[in-house]
Protein chains: 2
Amino acid sequence: MFFLKDLPTQRMLQRYAAEHPEMDVDKVAAALTMMRRASVLIRALDAYFAAFDLSLLRFLILIVIDREAADARLTIGDIGRRIDVSKPVMTRTLKRLADGGLIDIAPDGADKRSKVVTLTAAGQDRLARTLPGYFKMISGDMATAM
Amino acid sequence: MFFLKDLPTQRMLQRYAAEHPEMDVDKVAAALTMMRRASVLIRALDAYFAAFDLSLLRFLILIVIDREAADARLTIGDIGRRIDVSKPVMTRTLKRLADGGLIDIAPDGADKRSKVVTLTAAGQDRLARTLPGYFKMISGDMATAM
DNA sequence: GCTCCTTTCTTATCATGATAACCATATCGC
DNA sequence: GCGATATGGTTATCATGATAAGAAAGGAGC
């Protein structure tokens with residue numbers, strides 16, 4: 001993700017508004033600001049995760065598995081359904097997490113098409129070490145806006 | 001961009017907060033909501049732009065050139081500096097816009113390293129046809145939050 | 001119990017972001 | 001004015017998102 005470094009000034013938006021009556025200057029300005037904020041925050045998060053050999057997606061996968069009840073048996077599809085990402089990306093990313101020893105992918109006994117994904121001890125540890133900085137970063141970002 | 005479809009519930013955040021005192025539940029919840037909103041909005045925008053054979057980046061480039069003073073001579077680097085995107089991506093994307101006839105890329109007389117980028121009539125037209133729906137979409141999104 | 005449709009996951013391929021390393025040209029210091 | 005450094009742009013390569021299409025298994029209708 002990326003976005004304009006210098007958002008349009010109020011004056012520029014008003015110039016556009018004169019030509020585009022369907023436009024609400026305040027709402028447009030708010031949306032642009034939000035997208036810029038999200039863009040900057042997500043970049044910062046990804047840089048932070050990289051230090052743990054994670055990405056935003058790999059982190060989200062760990063957290064989705066972790067927050068499930070202890071006896072839950074999440075399949076690859078279950079995880080994909082909880083995150084807004086396509087199936088092939090899930091396949092590839094889970095393989096990478098498994099290669100890194102952070103998750104286990106095992107066949108599901110009941111349905112031979114499915115595979116059950118669980119966190120390894122290393123995965124739980126990696127997540128635990130990542131969380132404090134993560135919460136700190138997003139709290140800190142919001143602190144400038146609230 | 002992508003993000004959790006189901007954001008953590010207040011209850012789950014409080015469970016994490018108990019283990020992570022540095023975490024401010026309200027701020028974390030606000031940041032997660034913002035990223036989710038931005039993610040959804042950007043997807044919708046990209047889908048909208050695709051109908052005009054544009055992407056968010058290609059659109060931003062057109063708007064950055066357009067909003068400059070009529071006699072401004074933006075170079076490739078100038079545009080890159082206004083948008084949060086790397087130089088090679090600018091090179092590739094500008095080439096694509098030029099191939100599509102939406103911009104002109106001409107050598108700069110003064111500095112032989114630089115190239116000056118301008119909108120063609122087709123580029124201005126494409127931008128003009130894209131803007132109303134764009135403003136409508138982001139106004140509409142914000143309307144649900146303001 | 002076949003046939004057909006659905007579901008789960010994978011493979012192949014493309015689009016588009018990033019960095020590293022490279023020319024060509026400008027500019028700075030002396 | 002010449003060597004060193006900085007700047008503008010490109011090429012090569014990788015990371016990671018998407019869609020399309022297929023294999024394997026499950027399930028529904030008859």
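Letters A, B, ... are given to chains in the order of the sequence lines, protein chains preceding strands, and every chain is numbered from 1. Just the heavy atoms: all of them, side chains too, but no hydrogens, waters or symmetry mates, feed the values below.
B:Leu54 is listed as a side-chain neighbour of B:Leu62, based on a closest heavy-atom distance under 4.5 Å.
The ring pair (Phe, Tyr, Trp, His ring centres under 6.0 Å) test applied to A:Phe59 returns A:Phe49, A:Tyr134, not counting sequence neighbours. With sequence neighbours left out, B:Pro132 forms a side-chain contact (heavy atoms from CB on, under 4.5 Å) with A:His20, A:Glu22. A:Glu19 pairs by the side-chain contact (heavy atoms from CB on, under 4.5 Å) definition with A:Arg15, not counting sequence neighbours. Applying the side-chain hydrogen bond (donor to acceptor under 3.5 Å, both in side chains) rule to A:Ser114 yields no partners; only residues at least two apart in sequence or on another chain are considered. Remark: A:Arg73 pairs with A:Asp108 by the side-chain hydrogen bond (donor to acceptor under 3.5 Å, both in side chains) rule, at least two apart or across chains. Taking the side-chain hydrogen bond (donor to acceptor under 3.5 Å, both in side chains) definition, one finds that A:Arg92 meets it with nothing, sequence neighbours left out. Not counting sequence neighbours, B:Thr91 has no partner by the side-chain hydrogen bond (donor to acceptor under 3.5 Å, both in side chains) test.
Counting all heavy atoms, side chain and backbone alike, A:Met90 lies closest to A:Ile61 at CE-CD1, 3.9 Å.
A single hydrophobic cluster is not seen to contain both A:Ile103 and A:Val116; linkage of ILVMFWY side chains at heavy-atom distances under 4.5 Å, directly or through other members, places them apart.
A straight line from CG of B:Leu60 to P of C:dT16 spans 14 Å, rounded to a whole angstrom. Protein atom CG of B:Leu97 is 11 Å distant from nucleotide atom P of C:dT16, rounded to whole Å. Between the C1' atom of D:dG8 and the CZ atom of B:Arg73 lies a distance of 15 Å, rounded to the nearest Å. The interatomic distance linking A:Met90 (CE) with D:dT16 (P) rounds to 14 Å, in whole Å. Taking atom CG of residue A:Leu94 and atom C1' of nucleotide C:dT8, one finds them 13 Å apart after rounding to whole Å. The separation between A:Asp46 atom CG and D:dT16 atom P is 8 Å, rounded to whole Å. Look at CG on B:Asp108: it is 11 Å from C1' on D:dG8, rounded to the nearest Å. When rounded to the nearest whole Å, the span between NZ of B:Lys95 and C1' of D:dG8 equals 15 Å.
Listed by residue number, A:Thr75, A:Ile76, A:Gly77, A:Arg81 are the residues of residues 75-82 of chain A with a heavy-atom contact under 4.0 Å to DNA chain C.
Applying the side chain to side chain donor-acceptor pair (under 3.5 Å) test to every pair with at least one member in residues 59-69 of chain A, sequence neighbours left out, gives these pairs: A:Asp66-B:Tyr16, A:Glu68-A:Arg82. Evaluation of the salt bridge (Lys or Arg N to Asp or Glu O under 4.0 Å) test over residues 109-125 of chain A, restricted to residues two or more places apart or in two chains, returns A:Asp111-A:Arg113, A:Asp125-A:Arg129.
With hydrogens and angles ignored, a donor-acceptor pair closer than 3.5 Å exists between the side chain of B:Lys87 and the base of D:dG9. Put simply, the side chain of B:Arg92 and the base of D:dG9 share no donor and acceptor less than 3.5 Å apart.
Out of C:dT10, C:dT19, D:dA18, the shortest distance to the side chain of A:Lys115 is found at C:dT10. Of the candidate nucleotides D:dA18, D:dG17, D:dT11, D:dA18 has the atom lying nearest to any side-chain atom of A:Ser86.
Distances shown here put a side-chain N or O of B:Thr91 below 4.0 Å from the OP1 or OP2 atom of D:dT10. In terms of phosphate contacts, A:Arg58 brings a side-chain nitrogen or oxygen within less than 4.0 Å of OP1 or OP2 of D:dT16.
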Within the sub-3.5 Å range, which N or O atoms of nucleotides 24-26 of chain C have a protein N or O partner, and how far apart are they?
unit_1: C:dT25; atom_1: O2; unit_2: B:Arg113; atom_2: NH1; d: 3.2
unit_1: C:dA26; atom_1: OP1; unit_2: B:Lys112; atom_2: N; d: 2.9
unit_1: C:dA26; atom_1: O4'; unit_2: B:Arg113; atom_2: NH1; d: 3.4
unit_1: C:dA26; atom_1: O4'; unit_2: B:Arg113; atom_2: NH2; d: 3.4

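Secondary-structure stems of DNA chain D, taken as three or more successive Watson-Crick or G-U wobble pairs (i with j, i+1 with j-1) under a 3.5 Å distance threshold, comprise C:1-30 with D:1-30.
Counting non-hydrogen atoms under 4.0 angstrom, A:Ser114 reaches the backbone sugars and phosphates but no base.
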